[in-house]
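As structure tokens, the structure follows; a few thoughts come after it.
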2 protein chains.
Amino acid sequence: MTRPLPPEGPVVIVGLGVLGGSVLRALRSRDPGRLVVGVDPDPLAAARALESGLLSTVDPSGDATLGDASVVVFAAPLSALPQFLAGPGAALPDHALLTDLVGLNAPVLNQVARAGFANRWVSGAPALVTPGTGFTMSNAALLDGVELRLSAAPEVPPAFRAQAEGFWRLVGAVPTWMDPREHDTQAAWAALLPQLVSNALAGALHAAAVPRTALSPEARRMVALAETRPERWSELLEAAAPATGTALTSVSRALNVVADLLARRQVDRIVEFMDRTQGWATEANSRGEESGGSQVTPGAGAAGTDPAPGSAEA
Amino acid sequence: MTRPLPPEGPVVIVGLGVLGGSVLRALRSRDPGRLVVGVDPDPLAAARALESGLLSTVDPSGDATLGDASVVVFAAPLSALPQFLAGPGAALPDHALLTDLVGLNAPVLNQVARAGFANRWVSGAPALVTPGTGFTMSNAALLDGVELRLSAAPEVPPAFRAQAEGFWRLVGAVPTWMDPREHDTQAAWAALLPQLVSNALAGALHAAAVPRTALSPEARRMVALAETRPERWSELLEAAAPATGTALTSVSRALNVVADLLARRQVDRIVEFMDRTQGWATEANSRGEESGGSQVTPGAGAAGTDPAPGSAEA
């Protein structure tokens with residue numbers, strides 16, 4: 001079903017940070033014969049990548065190499081995409097598969113459509129918290145088994161879609177297809193929200209002078225995300241601000257409801273709430289069907305107006 | 001330094017749930033010659049413990065065995081303590097070491113003092129999330145390496161303190177001493193708060209119909225606590241309600257501050273906040289010295305009035 005990559009033409013990786021570097025390493029270990037070119041305007045990043053011995057060429061702008069590419073992986077920040085599309089990207093040959101790891105699919109596909117590349121760009125968002133930033137943090141196994149949510153405009157032909165799937169499988173990821181806006185709203189809830197809740201918990205413990213060592217190993221998992229800084233955090237927050245705000249408010253309200261129940265010593269209702277969330281947390285895949293008529297999609301934003309423990313207040 | 005356990009007299013374990021059962025298993029594997037008696041009014045729990053072959057006797061009330069005990073481990077709910085102290089416990093010999101695993105030390109020591117046992121009771125609280133409830137969930141390694149916070153009235157003699165430490169080390173725990181109220185306030189922040197934040201996050205995701213499978217493995221750690229129900233949750237909440245309420249409100253406010261910054265697109269300030277919490281989360285032991293003059297203790301409750309990200313609003 002999956003078309004193999006076209007043998008001719010190099011893979012060009014735009015951006016040699018932790019993600020671009022990891023794609024490079026995975027490609028070199030699984031497809032050693034393929035020419036891989038790195039594009040990075042930062043001389044330090046380029047030097048580090050060249051030192052690794054894995055790249056034959058670094059092309060600071062991409063001008064010299066993009067015309068021959070069979071696959072282009074945009075692994076740079078979203079904010080660098082307009083310049084890329086208007087500059088060297090404009091010279092891309094029609095046959096090249098274009099893909100990215102920005103993390104949010106709708107803003108990428110919007111820009112790509114305005115630049116005239118909608119028919120051959122497959123945007124990818126890995127369900128992954130990067131261990132740090134920069135080429136030195138990259139590793140060949142970073143994408144191994146990681147779910148990669150792919151989105152593309154309807155006009156992208158099946159052959160390109162299959163090629164994109166094949167390319168991402170080659171470097172270890174597990175591709176699945178999703179509507180871009182649905183993905184991005186879900187990412188606000190499933191990635192940005194847990195990260196910020198971990199930071200908020202760590203911040204509250206810090207302000208209360210509770211040392212990290214007072215936490216049990218189980219509780220310490222709750223501040224593990226706060227130890228990391230996902231790559232390109234700021235611009236993901238900017239791009240997903242409305243959904244993330246709704247999600248933050250939803251958790252904040254849930255905590256207030258629990259605090260109110262506690263103040264009224266209605267501990268039984270807190271336990272009921274815990275039972276319900278335990279059900280969700282232990283299910284392999286709950287889609288909200290059991291939430292009793294109040295089923296909402298993340299996109300509807302209704303979760304913010306009706307936090308889960310709210311029903312315990314009725 | 002640590003006095004060995006007195007060789008004569010059985011260890012009596014009151015309560016044969018996950019904690020009492022685990023103490024029993026650890027004792028049997030590390031001190032096989034010692035007589036261990038179980039006390040549990042629940043015939044089912046008693047039968048399960050007897051079936052394990054590890055107990056020689058189950059004494060439903062304790063009346064027949066407590067008079068000979070050298071060590072009594074109260075591993076039952078806090079709510080069962082008054083009845084125990086007024087009933088069979090009243091017959092305890094003066095030489096017996098009395099200890100518990102209730103989880104909050106101040107309420108135990110208050111009751112113990114009223115019943116006249118203040119001079120030989122050492123209350124213990126394990127920094128542990130139990131994997132479930134009941135004897136069937138017990139295991140010999142449950143307390144291995146687990147920090148156990150011990151508290152006792154000033155009149156408990158050093159020999160008893162040393163004996164308590166020795167007993168708990170024998171079953172695998174790592175005992176440390178703490179003021180009981182300081183411990184209990186810290187437990188509200190370090191144990192109950194992370195648990196409820198995990199539940200609140202799971203509840204919000206559930207209400208928004210975000211499936212658990214949408215979370216990255218890293219984000220999934222944030223809902224791992226919601227999969228468990230710590231033993232005796234309700235009564236710990238009741239007993240630590242004020243401090244837990246303050247802690248919940250503190251995290252709720254922190255989330256609101258982040259949501260406000262996001263609504264105003266002040267993402268730089270969110271990143272600053274993340275940097276500060278990252279510093280706390282990666283420190284082996286931060287005691288709030290670096291929080292810039294606003295150092296507070298959990299007991300002061302001041303954290304609720306000044307959540308960590310608040311300074312980003314100034």
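Sequence lines set the chain letters: A, B, ... in the order given, protein chains first and strands last, and positions in each chain run from 1.
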Legend entry - Minimum-distance pair of heavy atoms, taken over all atoms of B:N199 and A:M274: OD1-CE, 3.5 Å
Legend entry - Donor-acceptor pair, side chain of B:S252 and main chain of A:S252, under 3.5 angstrom: yes
Legend entry - From CG (B:L215) to CH2 (A:W189), nearest 0.5 Å: 12.0 Å
Legend entry - B:I270 side chain reached by A:L196 side chain, heavy atoms, under 4.5 Å: yes
Legend entry - Under 3.5 Å: donor-acceptor pair, side chain of A:E227, backbone of B:Q278: no
Legend entry - Shortest non-hydrogen contact from A:F273 toward B:A200: CZ-CA, 3.8 Å
Inset, instruction - Measure B:R149 against the heavy atoms of chain A and call it side chain, backbone, both or neither at under 4.5 Å. - result: side chain
Legend entry - Heavy-atom closest pair, residues A:Q186 and B:A214: NE2-CB, 2.9 Å
Legend entry - Top contributor to chain A interface from B:L225, B:V146, B:D268 [non-hydrogen pairs under 4.5 Å]: B:L225
Inset, instruction - Working to the nearest 0.5 Å, report the span between CG of B:D260 and OG1 of A:T249. - result: 8.0 Å
Inset, instruction - Could you point out which residue of B:R220, B:M222, B:E218 forms a side-chain contact (heavy atoms from CB on, under 4.5 Å) with A:P194? - result: B:M222
Inset, instruction - Name the option with the most non-hydrogen atom pairs under 4.5 Å to chain A; the candidates are B:P242, B:A247, B:A241, B:A187. - result: B:A241
Legend entry - Options B:N256, B:V129, B:V271, B:L193, ranked by heavy-atom pairs under 4.5 Å with chain A, top entry: B:V129
Legend entry - Proximity breakdown for A:A263 and chain B, heavy-atom pairs closer than 4.5 Å: neither
Legend entry - A:Q195, part contacting chain B, at a heavy-atom distance under 4.5 Å: side chain
Legend entry - Backbone N/O of B:A204 and side chain of A:W280: donor-acceptor pair under 3.5 Å: no
Legend entry - Toward chain A, the part of B:T228 with a non-hydrogen atom under 4.5 Å: backbone
Inset, instruction - May I ask you to name which of B:A259, B:A219, B:A226, B:A224 has the most heavy-atom pairs under 4.5 Å with chain A? - result: B:A226
Legend entry - Per-residue contact mode, B:A191 against chain A (heavy atom under 4.5 angstrom): neither
Legend entry - Residue part contacting chain B, namely of A:E238, when any heavy atom lies under 4.5 Å: both
Legend entry - Passing candidate, side-chain contact (heavy atoms from CB on, under 4.5 Å) with A:L248, options B:L261, B:V257, B:L262: B:L262
